[in-house]
Amino acid sequence: MKAKPMKRTIAYYPGCSLEGLAEEYDRSTRAVCRALGLELVEIPDWNCCGSTPAHSYNPLLSAALAGRNLALAEEAGLDTVMTPCPGCLKALKGALHKQGEDPNGFQDALGRPFEGKVRAVSVLQLLAERIGPEALRKAVRRPFRDAPVAPYYGCLLTRPAAFAQFDDPENPVSMDRILEAIGCAVPDFPFKTECCGATYGVTRNPIVTRLTGRILDMAVRAGAAAVAVACPLCQQNLDLRQAQVEKAAGRRFRLPVVYITQLVGLALGLTPEEVGLDKLFVSPESLIMNLDAESETADSLSNAG
Amino acid sequence: MKNGQNLLRIQESRDAGFVERVERESGQRVSQCYQCGNCSASCAYTHVYDFPANQIMRLIQLGQKDVILRSRSIWLCAQCQACTTRCPCNIDVARVMETLRVLAVEAGAVTQKDIQLFYDEFLKSVAAFGRVFETGLLASYNMKSGKPMTDADLAPQVLRKGKLALLPHRIRGRKEVAAIVRRFMDGAPERG
Ligand code: SF4
Ligand code: SF4
């Protein structure tokens, strides 16, 4: 019998946001993975992870909704599920945790077979660990010429530490390293993990305008020309709601808020169109002007991972 | 609340079994909290809470079930995990807040009805289509919350970017998903 080849194929869970307001995060994630030789297989017929509402009813409801997607991935013979959304990631990891904590309750709520032999990671973790800053640096074709970009991680990517098992909960650096690898200058940004106001944009808008306003203000004070994000909810609050923030704060920011996958994609030589740059609300044009002309020296990434 | 102070007659309103109930449901040793205040210092939502996180912990220890389940704080907690990350007693404070929300729903003591409505509409959307349909969710929330203009200012830009979905995406397994949701939404689930 032949030895099993190492699995490079990764189950992809986009999550509902990436079908709607965060479609450019979906597009850029797929494009970057393709460019880096990571094969994504979208989980067939995936469903919503339940997000915060499911948790507020019962952690088992959240675990079962998220668990169905893990079970579908397992059924497809895949052992790693990647989702770009930290909220979805929390639900997927929560399901695995719940299965360990209350196997019967979980199985009952889920109602389909699931052994639990999958792990869940974020796209940021994939870029930081499977590819790594060094390999990424070598693959860059159009580096950003020292454009100052503030790395904003948000609440959930690295917290709580025991759960996330990735990077540092207080001072994460994975995105810093990726930004440096693609030629950005990374300013000291003390609000890396401050909360943006989460889902309260709809129900309690002043919370979001206040918290997001503080983050934008700090980014400006840190000298950033743009903010890099890895969460569709953070992005929505900082970008789509930036006009609401400006109105509440009585000042103008017009600070581009760009997904890390979009920035990586551009540096790899993908076109603005291929990473969905036109879908951002605050125009990132000033940032794009910082991109270097295509260089011919980039290595192929075929040996990475 | 009177003159900015919360006055409680704690002996009269004490529910002796509450600490254990919360500890059992959350799996957290709330009784070990020694009021260092790290959770509240880390919390970006204290300015909208009626009781800061550390006071919620203390109120649990004092068995103040009704006050807690009716508090605004448990509904405004964003589950950002800052408190959990910094508690020196390793109490997962965010998990406790979440447990309190579940208990408030179960007890019919939800005070922040609009937030609960948003969550209800969200789950109904998931049950109907298998995935949440953002446009439909906002429309039904606006109608039922009596705040019809919520986020109306955003519509033109969303439309301009071609991001306004007018039709939901229905997955094939939506019956299975609906069955999962229904088990937890209609009537309280079985619990130990
Ligand atoms: S999880 Fe909730 S209580 Fe804890 S810091 Fe965040 S918002 Fe505050
Ligand atoms: S951080 Fe922990 S010990 Fe300190 S007040 Fe909060 S719950 Fe209690």
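Below, chains carry the letters A, B, ... as their sequence lines are ordered, and counting in each starts from 1.
Contacts between B:E134 and chain A at a heavy-atom distance below 4.5 Å involve the side chain alone, from C-beta outward. Within the 4.5 angstrom heavy-atom criterion, atoms from both the backbone and the side chain of B:V132 approach chain A. Contact of B:L76 with chain A is made through backbone and side chain together, with heavy-atom distances under 4.5 Å. The contact between A:R68 and chain B is made entirely by side chain atoms (from C-beta outward), counting heavy-atom distances below 4.5 Å. There is no contact between B:R174 and chain A, counting heavy-atom distances below 4.5 Å. Looking at B:Y45, the atoms closer than 4.5 Å to chain A (heavy atoms on both sides) all sit in the side chain, from C-beta outward. Heavy-atom distances place the side chain of A:N205, and not its backbone, under 4.5 Å from chain B. For B:D153, the part sitting under 4.5 Å from any heavy atom of chain A is the side chain, from C-beta outward, and nothing else. In this structure, no portion of A:L72 lies under 4.5 Å from any heavy atom of chain B. In this structure, the portion of B:Y141 lying under 4.5 Å from any heavy atom of chain A is its side chain and not its backbone. Heavy-atom distances place both the backbone and the side chain of A:L61 under 4.5 Å from chain B. Only the side chain of A:Y200 comes within less than 4.5 Å of a heavy atom in chain B; its backbone stays farther off. Heavy atoms of B:C77 lying under 4.5 Å from chain A belong exclusively to its backbone. When heavy atoms are compared at a cutoff of 4.5 Å, B:A165 does not approach chain A at all. Of the two parts of A:A64, the backbone and the side chain both hold a non-hydrogen atom closer than 4.5 Å to a non-hydrogen atom of chain B. Only the side chain of B:Q116 comes within less than 4.5 Å of a heavy atom of chain A; its backbone N, CA, C and O stay farther away. Contacts of B:R160 with chain A are absent, with no heavy-atom separation under 4.5 Å from either backbone or side chain.
No other option in B:I74, B:D151, B:N142 has as many heavy-atom pairs under 4.5 Å with chain A as B:D151. Heavy-atom pairs under 4.5 Å with chain B were tallied for A:R112, A:K90, A:E23, A:R214; the largest tally goes to A:R112. Contact count against chain A (heavy-atom pairs under 4.5 Å) is highest for B:V177 among B:V177, B:T150, B:L100. For chain B, the option among A:V202, A:T52, A:L156 with the highest count of heavy-atom pairs below 4.5 Å is A:V202. Among the candidates B:G173, B:A179, B:S145, the residue making the largest number of heavy-atom pairs closer than 4.5 Å to chain A is B:G173. Most heavy-atom pairs under 4.5 Å with chain B, from the set A:L280, A:L240, A:L65: that is A:L240. Ranked by heavy-atom pairs under 4.5 Å with chain B, the first of A:A198, A:S56, A:P169 is A:S56. Ranked by heavy-atom pairs under 4.5 Å with chain A, the first of B:T135, B:L123, B:V126 is B:L123. For chain A, the option among B:R95, B:H47, B:Q112 with the highest count of heavy-atom pairs below 4.5 Å is B:H47. Chain A forms more heavy-atom pairs under 4.5 Å with one residue of B:K147, B:Q79, B:E121, B:H169 than with any other, namely B:H169.
Checking B:Q55 against B:R58 by side-chain atom types alone, no donor-acceptor pair falls below 3.5 Å. If you check the side chains of B:E25 and B:T99, you find no donor sitting under 3.5 Å from an acceptor.
Contact annotation: the side chain of A:L238 never approaches that of A:V282 to less than 4.5 Å [non-hydrogen atoms, C-beta and beyond]. Between A:E19 and A:D26 the shortest side-chain heavy-atom distance does not fall below 4.5 Å. Side-chain contact between A:R251 and A:E246 is absent, with no heavy-atom pair separated by less than 4.5 Å. For the pair B:R101 and B:E98, the minimum side-chain heavy-atom distance is 4.5 Å or more.
Among A:V229, A:L277, A:D239, the one residue that satisfies the side chain to side chain contact (heavy atoms under 4.5 Å, CB included) test with A:Y259 is A:V229.
No donor-acceptor pair under 3.5 Å is formed between the side chain of A:T158 and the backbone N or O of A:D167. Between the side chain of A:T83 and the backbone N or O of A:Y13 there is at least one donor-acceptor pair closer than 3.5 Å. In this structure, the side chain of A:R159 engages the main chain of B:C80 through a donor-acceptor pair within 3.5 Å. Counting only distance, with no hydrogens or angles, the side chain of B:S125 and the backbone of B:F133 share a donor-acceptor pair below 3.5 Å. Under a 3.5 Å cut-off, the side chain of A:Q242 and the backbone N or O of A:R254 do form a donor-acceptor pair.
Looking at A:K98 and A:E101, a side-chain N of the basic residue comes within less than 4.0 Å of a carboxylate O on the acidic one, giving a salt bridge. For B:K163 and A:E24, the salt-bridge test passes: some basic side-chain N is under 4.0 Å from an acidic carboxylate O. Note on B:K144 versus B:D120: no salt bridge recorded, every NZ/NE/NH1/NH2 to OD/OE distance being 4.0 Å or above.
Across all non-hydrogen atoms, the minimal contact from B:D50 to B:R72 is OD2-N, 2.8 Å.
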